[in-house]
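Working notes for the structure below.
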Amino acid sequence: MPVVSLKEIVDRAFSERYGVAAINVVNDLTMEAVLAAAVEQRSPVIIQTSVKTVRSVGLDLLFAMWRELTAGIEVPVSLHLDHCPDRAVISSCLRKGWNSVLFDASALPVEENQRQTVEVVAEARSYGAHVEGEIESITGVEDDVGTDEEQARQSLPVALEFIRATGIDVFAPAIGNAHGVYHSEPKLDAQRVSDIVAAVPIPIALHGGTGMTDAQFSDLIARGCAKVNISTALKVRYMKANLDFLRGAEERDSWDPPSLFTSVRAAVLDMAASHMKRFGSVGKAW
Ligand code: 13P
């Protein structure tokens, strides 16, 4: 059974305290390369799509790629819609077959966010799908969603009430993490993860993974961050691998697209595999 639910992947990682890479892909090449890394490393993986990717590739084509590329795959994989404030896109992805969604209503007052997240959880359940929730926006704009202004964090009781009342499967708290490139080592409030997990044993999603140190990853994963989001690292690796190859092609005056794809695929696969190694999920496939 190749494609499994998000809950199956993160609950096991949470109880055994390893992290599963949740990597944002942008097209067929990157989706294939990340899945190939998971197969090579015998690791579970979560493939994420931003709303921008859903729109740029097209929902039907993106899902057809997913179905084709995971047919017969021998490691547990799951398809997740990342930060989505748009209920219509959430409904379309759930209806199509995405395994889980992050309903990002962090721009709304927390009471309204909670009310709507309850509805999204009920909708997801009707498809056997799962939901990640958040109550503060993670700093930084990711594929046109979010803000560069750091939002005030909600209190622990508000966070716990949100988790309990909504029945979400994964929680994404702001802990000083940010999407994009960190210009200095991030100062992370790891204790917040421990406080939440001690009160409600829920797998935590660690956003803004690109640029965190090995020590930060191990500490946060040990505290309960079972889903570790990586997006910028893939974008940078993908574009730089294209650039490097194309510079060489220009020098050689040799123009062979399949060679470009092979070279870029290898770079993306290497990036994904190295994160799986750092998060301790290698060999954890079942
Ligand atoms: P980075 O872009 O910093 O890797 O963050 C990814 C993320 O959190 C996606 O939701």
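This structure is a prediction, so every number in the text was calculated from the model and none was measured. In this chain, numbering begins with 1 at the start of the sequence shown. One-based numbering, in listed order, for ligands and for the atoms of each.
Residues Lys227 and Gln48 bring a donor and an acceptor atom of their side chains to less than 3.5 Å of each other. A side-chain N or O of Thr53 and one of Ser50 form a donor-acceptor pair less than 3.5 Å apart.
Geometrically, Arg252 engages Phe245 in a cation-pi contact, judged by NZ or CZ lying under 6.0 Å from the ring centre and within 45° of the ring axis. Annotation: cation-pi geometry not satisfied between Arg12 and Phe14 (NZ/CZ under 6.0 angstrom from ring centroid, within 45° of ring axis).
Within the listing of ligand 1, atoms 10 (O) sit less than 4.0 angstrom from a heavy atom of His83. Ligand 1 places these atoms under 4.0 Å from at least one heavy atom of Gly208: 1 (P), 3 (O), 5 (O), 6 (C), 7 (C), 8 (O). If you number the atoms of ligand 1 from 1 as listed, the ones under 4.0 Å from a heavy atom of Ala178 come out as 3 (O).
In this structure, Phe217 has its ring center under 6.0 Å from that of Phe279. Taking the six-membered ring for Trp and the full ring otherwise, Trp98 and Phe63 have centroids separated by under 6.0 Å. Ring centroid separation for the pair His179 and His83 comes in under the 6.0 Å cut-off.
If you check which protein heavy atom lies closest to atom 4 (O) of ligand 1, you get Thr210 OG1, 2.5 Å. Scanning all protein heavy atoms for the shortest distance to atom 10 (O) of ligand 1 gives Asp82 OD2, 2.7 Å.
For ligand 1, the polar-atom distance check against Asn229 finds a nitrogen or oxygen pair separated by under 3.5 Å. At a 3.5 angstrom cut-off on N or O pairs, Asn24 does not count as close to ligand 1. Residue Leu206 has no N or O atom closer than 3.5 Å to an N or O atom of ligand 1.
When heavy-atom distances to ligand 1 are checked against a 4.0 Å cut-off, Ala22 has no atom that comes that close, whether in backbone or side chain. For Ile230, every heavy-atom contact with ligand 1 shorter than 4.0 Å involves the backbone, none the side chain. Residue-level proximity to ligand 1 for Lys235 is absent, since no heavy atom of it falls below 4.0 angstrom.
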Requested in this report: Take Val264 and Arg237 through the test side-chain contact (heavy atoms from CB on, under 4.5 Å) and record every step on the way to the result.
Outcome: CA-CA 8 Å; Val264 174; Arg237 199 66 180 268; over 6 Å; no
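Nearest heavy-atom pair, Ala129 versus Arg125, reported as atom, atom and distance to 0.1 Å: O-NH1, 3.2 Å.
Distances from ligand 1 to the non-hydrogen atoms of Ala233 include no value under 4.0 Å. Under a 4.0 angstrom heavy-atom cut-off, Ser50 registers as lying outside contact with ligand 1.
Comparing Val228, Asp104, Thr232 against atom 1 (P) of ligand 1, the shortest heavy-atom distance belongs to Thr232.
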